*Asks:* 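Once you've had a glance at the structure underneath, I'll fire off some questions.
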Protein chains: 2
Amino acid sequence: MTTRETIIDTADHLIRSNGFNAFSFKDISNKIGIKTASIHYHFPTKSDLGVATIKEHIERFEYLKKEFENKSPLQKLNGFLSIYSQIKSENKVCLVGSLATDLNTVEDSIKNELKNFAELVLLWVTEILTEGKKQKMFEFQTTPRTKALMIITNILAIVQLSRLTQAEDFDIVKEAIIKDLRPHI
Amino acid sequence: MTTRETIIDTADHLIRSNGFNAFSFKDISNKIGIKTASIHYHFPTKSDLGVATIKEHIERFEYLKKEFENKSPLQKLNGFLSIYSQIKSENKVCLVGSLATDLNTVEDSIKNELKNFAELVLLWVTEILTEGKKQKMFEFQTTPRTKALMIITNILAIVQLSRLTQAEDFDIVKEAIIKDLRPHI
DNA sequence: AAGATACTACCTATTAGTAGATAGGCAAAA
DNA sequence: TTTTGCCTATCTACTAATAGGTAGTATCTT
């Protein structure tokens, strides 16, 4: 990994563990053994680093999409949900959830990039649901987009909420999402 | 309102607009025209102020519960969901959603008080759903607690997510929650 | 030699928090 | 009734630590 990639990776970890406003260049400096001034060389401002971190997520998301291109809607949805299982197991939250609460305090560049990312995710889940309904693999009453919003909000927020209720609640909700889509099983 | 109450009120506003780590005693000082040292008189540490803010929410929540005591499950659920409509209209997020992302950075006192609050909310929604199912007013397949988790995560996260997608998505999800519980209508 | 990368050293602003002074209100003692 | 003293609430003035960011210099790689 290049230094630049290492910085982004560490920033990503810190944003999703502590929040955008609770991490500093010094934190990264301490973690990867590089001076804060050197981080500024790669990312002039904190916002630049924030934007780069979101862009990295977008790239990884596009890659995941491609990986699941020829799989079934159910496999795709499970793939999507397992991202959050990973996040949960690391005691983090998802990038959208983390930055959405800080939205009023960040620059427009971050806001706009995050909008792009959220739109991308919503679009993919909507597509999965549309495809799944057509194949009679999924059952639901609302529009695919609305159902996608329901599922995304479920999984995004249970990552956060299960920190406060019980860790097991994450899997309970994850399974309930799938079960709800496949009542005939 | 006493000074103490005004401070809590302002802190609440700032926490839910900007996040716990993005507000300072100076922000409150500027807003209400009192020196930061005077805020420390009422709340020795920032954590003390955080805890007091959650306690205030708990009290208001208990009051709301009492107000709806003799109403129908549907009225109760609508009452619960309308809290979030209010939050959304003010461009804030809910306290649980805001602090849950900052959870790794706050003191245990805040963490524990927030757990109490979250447990209280989950309990009430679970009760509403149990009652509604018994009265055949609501229909759902999972346990009431699981369904409560689904609904709370929906409404909590759509407040955040609709900042990124479209503001109308909030009402779409809110209506879908009710419709899903009452498919016979 | 030249560009990329990292460094030292610094700056200014802000943070949470503290010490000590002051002012007003209230109540018991003189 | 006046005085004494305490309590509440606020203030001014300060601290040490940390924040994001910059200028100029050194080092490494090609």
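Naming: A, B, ... by sequence-line order, numbering from 1 per chain. Keep in mind that what you see is a predicted model, and the values were worked out from it rather than measured. In what follows, every heavy atom counts, from backbone to side chain, and hydrogens, waters and symmetry copies are set aside.
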*Asks:* What residues from residues 104-111 of chain A pass a heavy-atom cutoff of under 4.0 Å to DNA chain C?
*Replies:*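 Under 4.0 Å from DNA chain C: no residue of residues 104-111 of chain A.
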*Asks:* Show me the side-chain donor-acceptor pairs of residues 123-137 of chain B shorter than 3.5 Å, one per line, residues at least two apart or across chains.
*Replies:*
| from | atom 1 | to | atom 2 | distance (Å) |
| --- | --- | --- | --- | --- |
| B/T126 | OG1 | B/L122 | O | 2.6 |
| B/T130 | OG1 | B/T126 | O | 2.7 |
| B/E131 | OE1 | B/K76 | NZ | 3.1 |
| B/K133 | NZ | B/F140 | O | 2.9 |

*Asks:* Would you list the pairs meeting salt bridge (Lys or Arg N to Asp or Glu O under 4.0 Å) in which at least one residue belongs to residues 142-160 of chain A, sequence neighbours left out?
*Replies:* A/R145-B/D169, A/K147-A/D180
*Asks:* To the side chain of A/K35, which of C/dA6, C/dT8, D/dA13 is closest?
*Replies:*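 Within the option list, the nearest is C/dT8.
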*Asks:* Check residues 32-54 of chain B and write down every donor-acceptor pair under 3.5 Å in which the side-chain atom is one partner and the other belongs to a residue at least two apart or another chain.
*Replies:*
| from | atom 1 | to | atom 2 | distance (Å) |
| --- | --- | --- | --- | --- |
| B/H40 | ND1 | B/P44 | O | 2.8 |
| B/T45 | OG1 | B/S47 | N | 3.4 |
| B/T45 | OG1 | B/D48 | N | 3.1 |
| B/T45 | OG1 | B/D48 | OD2 | 3.1 |
| B/K46 | NZ | B/F20 | O | 2.9 |
| B/K46 | NZ | B/F23 | O | 2.8 |
| B/S47 | OG | B/E107 | OE1 | 3.4 |
| B/D48 | OD2 | B/T45 | N | 3.1 |
| B/T53 | OG1 | B/L49 | O | 2.7 |

*Asks:* Mind checking whether A/L161 and A/F170 have side chains closer than 4.5 Å, heavy atoms only?
*Replies:* no
*Asks:* Under a 4.0 Å threshold between the charged nitrogen and the carboxylate oxygen, would A/R182 count as salt-bridged to A/E139?
*Replies:* no
*Asks:* Could I get the full list of side-chain hydrogen bond (donor to acceptor under 3.5 Å, both in side chains) partners for A/K115, not counting sequence neighbours?
*Replies:* none
*Asks:* What nucleotide, of C/dG17, D/dG21, C/dA9, holds the atom closest to the side chain of B/T45?
*Replies:*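 Selected nucleotide: C/dG17.
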*Asks:* What is the distance from NE2 of B/H40 to P of C/dG20, rounded to the nearest Å?
*Replies:* 17 Å
*Asks:* Can you find a side chain N or O atom of A/Y41 that sits less than 4.0 Å from OP1 or OP2 on C/dA6?
*Replies:*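 Checking C/dA6 against A/Y41, no side-chain N or O comes under 4.0 Å of OP1 or OP2.
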*Asks:* For a quick test of reading the model: is some side-chain N or O of B/S38 closer than 4.0 Å to OP1 or OP2 of D/dA9?
*Replies:*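 Checking B/S38 against D/dA9: no side-chain N or O falls below 4.0 Å of OP1 or OP2.
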*Asks:* Tell me whether the side-chain N/O atoms of A/H42 come closer than 4.0 Å to OP1 or OP2 in C/dA6.
*Replies:* yes
*Asks:* Quickly work out the B/K46 NZ to C/dT14 C1' distance and round it to whole Å.
*Replies:* 12 Å
*Asks:* List in chain and number order the residues that pass salt bridge (charged side-chain N to carboxylate O under 4.0 Å, His left out) with B/K111, two or more places apart in sequence or in another chain; answer none if no residue qualifies.
*Replies:* none
*Asks:* Under 3.5 Å, which donor-acceptor pairs link side chains of residues 62-69 of chain A to any protein atom two or more places apart or in another chain?
*Replies:*
none

*Asks:* My understanding is that only residues two or more places apart in sequence, or in another chain, count here; which of them pass side-chain hydrogen bond (donor to acceptor under 3.5 Å, both in side chains) with A/K31?
*Replies:*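 With sequence neighbours excluded, A/K31 shows a side-chain hydrogen bond (donor to acceptor under 3.5 Å, both in side chains) to A/H13, given in chain and number order.
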*Asks:* A/D102: what forms a side-chain hydrogen bond (donor to acceptor under 3.5 Å, both in side chains) with it, not counting sequence neighbours?
*Replies:*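 Partners of A/D102 under the side-chain hydrogen bond (donor to acceptor under 3.5 Å, both in side chains) test: none.
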*Asks:* How sharply is the helix from C/dA1-D/dT30 to C/dA30-D/dT1 bent, taking the axes over five pairs at either end and rounding to 10 degrees?
*Replies:*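 That helix gives 10° between its end axes.
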*Asks:* With sequence neighbours left out, write down each residue that passes salt bridge (charged side-chain N to carboxylate O under 4.0 Å, His left out) with B/K179, or none if nothing qualifies.
*Replies:*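 B/K179: no salt bridge (charged side-chain N to carboxylate O under 4.0 Å, His left out) contacts found.
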*Asks:* Is A/T36 near enough to D/dG20 that one of its side-chain N or O atoms lies under 4.0 angstrom from OP1 or OP2?
*Replies:* no
*Asks:* Can you list, by residue number, the residues of residues 16-34 of chain A that have a non-hydrogen atom closer than 4.0 angstrom to DNA chain D?
*Replies:*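 When residues 16-34 of chain A is checked for heavy atoms under 4.0 Å from DNA chain D, the hits, listed by number, are A/F23, A/S24, A/F25, A/K26.
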